[in-house]
Every structure is written in structure tokens, then in C-alpha cells.
Amino acid sequence: MASEAKRGLIRIATNYTRLFLNVSMGLASVPILLSQTGKEGWGLIAMLGATTGVAALTEETIRRSMVSELGRALHHEDRSEFTRVYNAATIVALGMAAFTLMVFGLIYLLLPMFNISSPALFRAAQWIVMFKACESFSDVVLSPAFNTYLASERMLAFNFWVTAQRVARFLSAVWLLVMVPNTASVEAVIKTYAVVGAILYIGVGVAASLVMMLFVEPRTLPRPWLARFHAMRGLAGIGRWNMLMTLSQNLHLRADQIVTNLYFGLVFNGVFGWAMQLTSYVRMLTMGMTDGLDAVTTRVAAHKGASSVLDLMRHSTRLHAFVALPTGIGMLILAEPVLRVWLGARAEDPEIMIPLAVPVMQVIVLGTTARAVSDGWIRILYGAGYIRQYARPFAFLSVFNPIIAVALSATMPEGVAYLGPPIAFAVVTLALSGVLIPIVGARCLNVRPEDIVAPAIRPTIIAVGCSPILLGAVASIHHWNLIKLAATCAAYGIAVF
């Protein structure tokens, strides 16, 4: 029990250290990019980040598939089982890497369909897609070695390398400030950002994989002749379900960014991008408990049985709710102060742009908070081997997100039509995370849906009950700065916890 607690402490502590650094760099990089590229340049980066993210979903699919299968092989009594499964994974990864390039090629060919305002920005968009393709290809090819850190629960090393990748992206933004002259065109700035970011990011991935192969686990040196067809078929089968699930989970905001671009243009992509960036931190804060949870569940299910999985589910729900719900409520109430303190005068036309972004952020955070709580459920169900039970209905309902986004964008009054995609995201995500997953999870674990949700009730009551602290601050403070915002958040946090 002490060993299990120690493992959990190391996993959560290193996860949160990584996430704190990632959030800090993310918050710092957006104002840099905004100041160097302008609102349309930032809108292009935000829109293509979401669009190429659809193609890059193979990275997450590969990770989800491999962590569970490599974890089972690592815990197998026959040591050669890991070698067979690992080398099967390298072959599957090569196939998925080729597929990734094909999808990026399709996006490249479809770029003329997007609402991009000038030839210079269009050329910059082509470079972003090309170098994002290089990053994703590298990620997928190197994924067997990289994901062995996670499958073997080497969380300190895993978080170190993931943080190094985030540092690489941040340094590409800093490079624009230090090395690119102020007279450079927006096209040149965006191209430089794409090239430098790709070189640094790929370099970190290669270094992490070489360290794993040469120093940590020599069995990860690729020997494809040791792969077995049944192992490849098993990974491909799990991969199909994971691809379906990953596409379904990540379709929402990425599809909504595309709908926003087609109906409202790059300026509104920038507004949507601000809201996405800030609300994503609700999930990031719970990812400190989520990352590695599938590997933990695989080990617990193998050695301790179904009752231990249910206990893990209860504890995970309580912890996720205590982090996600207060953070989501804080984002909902403090949306305008957070945007003004974060962007301030660095945003072009802040008195116009920030009021547009506030309702977008408030709507998106509803869905993001629900998803942050359900992430723990999904990881545990996957680690316990139940992906087939929840992936199909999840995918079916996810299809309604872009349909609703298009319908609302086309039919809502002109002044608020840009809220159509955020509303579609919130409605569909609440249905998936708050209704579907508890029902399916209850069936898998032979309990009632309310047993899945019950551990989140007390955190909800506490988070809502303490919210007058935030409402009072918004009503009484008319000129916000970082100190006032931090003090308000601290007072709310102390009251909650």
C-alpha cells in the first residue's frame, strides 16, 4: 500500500510540475505571438493549430493504444512478450506515420477553401502545415520508445521530456522576439516560427527516444523481425477503437474552429483561440491526476481485480471534481478580468476584441469542465479494457457537434452568431461527459450511474457555495491587475479547499 501511494505521489507531483511549467509558457507565448503577428496572424496560427490537430490525432491514438498494450507486456511473466509487442508497435507506428502524412497532404490541398485574407498569410499557412506534418511524422515514428516511459510508469522521465518539448515550442516564440527584426513581414515571422519550432521539437523527441533505447530499456532498440502478426493485429484492433475515440473527443473544438473560420474569418479564429487557450487549462489542471492513470489501471486490474478498479474510479472522480469544478467556475465568473490581465493592451482593439471573447470563453468552459472530470473515467475504463463499450456511442453523438455548430452559425442573429460553435461544443460535451460516460461506465463496472457520479457531488456543492466570493469581487473591483486577480483566486481557493 505504501509503495502504491508512493507511485501515485510521484506520478501526480511530476505531472503537476510539468503542467505548471506548460501553463506558464503557454500564457507567456500567446502575447508574444500576438505582438509579433497581429490579430490576423494569431488567428491563422490558432486556426491551423486546430486544423492540423485533426491530422495529428494519430499521435494521441498511438499513445493510447501503446500505453495499455506495452504496459500489459511489461507486466507479463514472459520477458520476451514485451519484445514481440514493442516491435509490432514499431511496424504499426510506421504505417500510422504514413497515414498521418497523407492527412496533412489533404489539409495542404484544401487550404484554398479556408477564409484566409491575403496571399502572404496563405503562403505562411502552407509552411505551418508542412512543418506541423514533420513534427507529427516524427512523433508517430518515435512513439514506441517515447511511450515506454509512460507504460513503465517512469513518470519523472516522461514528464521531463514532455516539458522539454513544450520548452522547444516556447523557445520558437522567444526566437521571434530576439532574432527576428521588427521590420520583418508577418509572413516571414510565421514561417520562422514554424521552422524553428519544428526543428527544436523534433530534436527533443529524437533525444528522448535515444535515451530510452540506449540507456533505460535496451529491449526498445527496434528489431522488427521479432514482431509477430498477432501482436500487430491486436495493436491495430485497439488502434481502430482508439482512433475512433480520439477523433471523437478532439473533433469538437477543432471542428468548431474550422466552422468559425468559414463563417466569420480569421479575426474570430483569434477570439476563439484565446478562449480555447484559457479554458484548456481547466483540463490541464486535472491532467496532473489523469496522465498515467490508464497504465496504473492496467496494472491494478491485472494484479488486484475489478473491485480495486472501482475504488480507483471513486477516488479519481473525487479528486478530478475538486480540481476541475472550482477552476471552471472561476473561469466562468472571472472571464473578463482574466482576459484583460492576460492580454491587456497587447491585443489589437482590446475594447472590441475582449468583450467578444468573454462569452465564447464562458460557454466553452462549461464543456471543458465536464470533460475534465470525465477524463479520469475514460482513462480508467480504457486501462481496464472497456474501450469498445464506450467508443461507439461516444463517436455517434460527437458527430452532432459540427452539425449543430453549422446550424447555429447560419441561423442565430448576426450579432451573436459567432457563439454558435461554442454552444455546440458545450451542449454535446456535457451530454457525452455528464451522461453517456457515467451510464456506460456503470454498466462495465456493474454499478449504478449515480455511483459513478456521487463522489463529485460534495466538490460541486462546495465550489458553487463559495462562488459568491468571486461574484463579489467582480461587482466591487472595476480596474483589475494581476495582484487583484491573484488575491481573488487565492481567497476562493482557500475557501474551497
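What you see below is based on every heavy atom in this structure, not just the backbone, and it leaves out hydrogens, waters and symmetry mates.
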Enquirer: Which heavy atom of I333 sits nearest to which heavy atom of S467, and what is that distance?
Expert: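 Closest heavy-atom pair between I333 and S467: CD1-CB, 4.0 Å.
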
Enquirer: Taking C-beta and beyond as the side chain, do C134 and Y201 meet within less than 4.5 Å on heavy atoms?
Expert: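 No, side chains not in contact.
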
Enquirer: Without swapping roles, check the side chain of S374 against the backbone of R371 for a donor-acceptor pair under 3.5 Å.
Expert: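 Yes.
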
Enquirer: Taking all heavy atoms of G328 and all of T369, pick out the closest pair and write down the distance.
Expert: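 Answer, listing the atom of G328 first, then T369: CA-OG1, 3.3 Å.
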
Enquirer: What closest approach, in Å, do I364 and P422 show between heavy atoms, and which atom pair accounts for it?
Expert: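 So the two residues come closest at CG1-CB, 3.9 Å.
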
Enquirer: Which distance, rounded to the nearest 0.5 Å, do you find between the CZ of F264 and the CG of L419?
Expert: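 Interatomic distance, F264 CZ to L419 CG, rounded to 0.5 Å: 8.5 Å.
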
Enquirer: Rounded to the nearest 0.5 Å, what separation is found between the CG atom of N15 and the CZ atom of F20?
Expert: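 The CZ atom of F20 is 15.5 Å from CG of N15, to the nearest 0.5 Å.
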
Enquirer: Is it the case that the side chains of W377 and T317 hold a donor-acceptor pair, with the cut-off being a distance below 3.5 Å and no angle test?
Expert: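 Yes - a donor-acceptor pair under 3.5 Å links their side chains.
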
Enquirer: Ion pair present between R228 and E81, side-chain N to carboxylate O less than 4.0 angstrom?
Expert: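 Salt bridge absent between R228 and E81.
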
Enquirer: For G26, does its backbone N or O pair with a side-chain atom of S29 as donor and acceptor, under 3.5 Å?
Expert: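 Side chain of S29 to backbone of G26, a donor-acceptor pair under 3.5 Å: yes, one is there.
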
Enquirer: Report yes or no: do T14 and R18 form a side-chain donor-acceptor pair below 3.5 Å?
Expert: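 No, no side-chain donor-acceptor contact under 3.5 Å.
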
Enquirer: What do the steps show when you test R154 against E217 for salt bridge (Lys or Arg N to Asp or Glu O under 4.0 Å), and what is the final call?
Expert: CA-CA 11 Å; R154 290 183 170 91; E217 178 54 83; 5.0 Å; no

Enquirer: How long is the span from the CZ atom in F272 to the CD1 atom in I258, to the nearest 0.5 Å?
Expert: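 Those atoms lie 10.5 Å apart.
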
Enquirer: Please give me the minimum heavy-atom distance between P438 and I452, naming the atom from each residue.
Expert: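 Nearest heavy atoms, P438 then I452: O-CG1, 3.9 Å.
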
Enquirer: Roughly how far, to the nearest 0.5 Å, is OG1 of T286 from CG of L19?
Expert: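 Those atoms lie 8.5 Å apart.
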
Enquirer: Side-chain contact, heavy-atom cut-off 4.5 Å: M361 with M331?
Expert: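 Counting from C-beta outward, M361 and M331 do come under 4.5 Å.
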
Enquirer: Any chance you could lay out the side chain to side chain contact (heavy atoms under 4.5 Å, CB included) test for F137 and T100, step after step, and finish with the verdict?
Expert: CA-CA 7 Å; F137 179 83; T100 300; 5.7 Å; no

Enquirer: Do the ring planes of F322 and F497 sit parallel (below 30°), tilted (30 to 60°) or perpendicular (above 60°)?
Expert: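 If you compare the ring of F322 with that of F497, the planes turn out tilted.
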
Enquirer: Which value, rounded to the nearest 0.5 Å, describes the distance between C466 atom SG and I329 atom CD1?
Expert: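 Answer rounded to 0.5 Å: 9.0 Å.
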
Enquirer: T260 vs Y418, test: side chain to side chain contact (heavy atoms under 4.5 Å, CB included). Steps then yes/no.
Expert: CA-CA 7 Å; T260 297; Y418 73 101; over 6 Å; no

Enquirer: Heavy-atom count check: over 12 atoms from other residues, nucleotides or ligands less than 6.0 Å from R223 CZ?
Expert: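 Result for CZ/R223: enclosed.
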
Enquirer: Drop me the distance from L285's CG to H320's NE2, to the nearest 0.5 angstrom.
Expert: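 So the gap between those two atoms works out to 11.0 Å.
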
Enquirer: With a 4.5 Å limit on heavy-atom distance, are the side chains of I387 and L381 in contact?
Expert: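 SC-SC contact between I387 and L381 ruled out.
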
Enquirer: Kindly say whether L156 contributes a backbone atom to a donor-acceptor pair with the side chain of N159 at under 3.5 angstrom?
Expert: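 Checked: no pair found.
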
Enquirer: Can you name the closest pair of heavy atoms from N269 and A46 and give their distance?
Expert: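 Looking at all heavy atoms of both residues, the closest pair is O-CB, 3.9 Å.
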
Enquirer: Please check: side-chain N/O of S316 versus main-chain N/O of L312, any donor-acceptor pairing under 3.5 Å?
Expert: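 Judged by distance alone, no pair lies under 3.5 Å.
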
Enquirer: Would you say the side-chain atoms of E153 and Y149 include a donor-acceptor pair closer than 3.5 Å?
Expert: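 Not at all, the side chains of E153 and Y149 share no donor-acceptor pair under 3.5 Å.
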
Enquirer: Are side-chain heavy atoms of Y386 and L445 found at a separation under 4.5 Å?
Expert: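 Yes - at least one pair of side-chain heavy atoms lies under 4.5 Å apart.
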
Enquirer: Looking at every heavy atom in both L226 and T83, which two are closest together, and how far apart are they?
Expert: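 That closest heavy-atom pairing would be CD1-CG2, 3.5 Å.
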
Enquirer: Any side-chain heavy-atom pair from L339 and L278 closer than 4.5 angstrom?
Expert: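 When only atoms from C-beta onward are counted, L278 and L339 do touch, with a gap below 4.5 Å.
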
Enquirer: Given side chains that start at C-beta, do those of D78 and R84 come closer than 4.5 Å, heavy atoms only?
Expert: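 Yes, side chains in contact.
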
Enquirer: Would you indicate whether M412, at its atom CE, is surrounded by more than 12 heavy atoms from other residues, nucleotides or ligands within a distance under 6.0 Å?
Expert: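 Enclosed.
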
Enquirer: Side chains of C444 and V440: does their closest heavy-atom pair fall under 4.5 Å?
Expert: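 Of all side-chain heavy-atom pairs linking V440 with C444, at least one is under 4.5 Å.
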
Enquirer: Give a yes or no answer on whether the side chain of S209 reaches the backbone of V206 with a donor-acceptor pair at less than 3.5 Å.
Expert: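 Here the side-chain-to-backbone pair does not exist.
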
Enquirer: Any side-chain to backbone donor/acceptor pair from N147 onto S143? Under 3.5 Å, distance only.
Expert: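 Looks like yes, one N/O pair under 3.5 Å.
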
Enquirer: Taking the side chain as everything from C-beta on, heavy atoms only, tell me whether V323 gets closer than 4.5 Å to Y16.
Expert: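 Yes. Closest side-chain heavy atoms under 4.5 Å.
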
Enquirer: Tell me, please, whether Y86 has R219 positioned over its six-membered ring: NZ or CZ under 6.0 Å from the ring centre and within 45 degrees of its axis?
Expert: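 That pair does not qualify as a cation-pi contact.
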
Enquirer: Checking W342 side chain against L27 main chain: does a donor-acceptor pair fall under 3.5 Å?
Expert: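 Pair found, side chain donor or acceptor close to backbone of L27.
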
Enquirer: Decide side chain to side chain contact (heavy atoms under 4.5 Å, CB included) for F146 and T220; before the verdict, give the C-alpha distance in whole Å, the side-chain angles of both, and the deciding distance to 0.1 Å.
Expert: CA-CA 10 Å; F146 200 95; T220 58; over 6 Å; no

Enquirer: Is any NZ, NE, NH1 or NH2 atom of the basic residue among K132 and D139 found under 4.0 Å from an Asp or Glu carboxylate oxygen of the other?
Expert: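 Looking at D139 together with K132, the answer is no, because their closest N to O distance does not fall below 4.0 Å.
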
Enquirer: Would F158 and M155 satisfy side chain to side chain contact (heavy atoms under 4.5 Å, CB included), going step by step from the backbone distance to the final call?
Expert: CA-CA 5 Å; F158 173 77; M155 298 307 298; 4.1 Å; yes

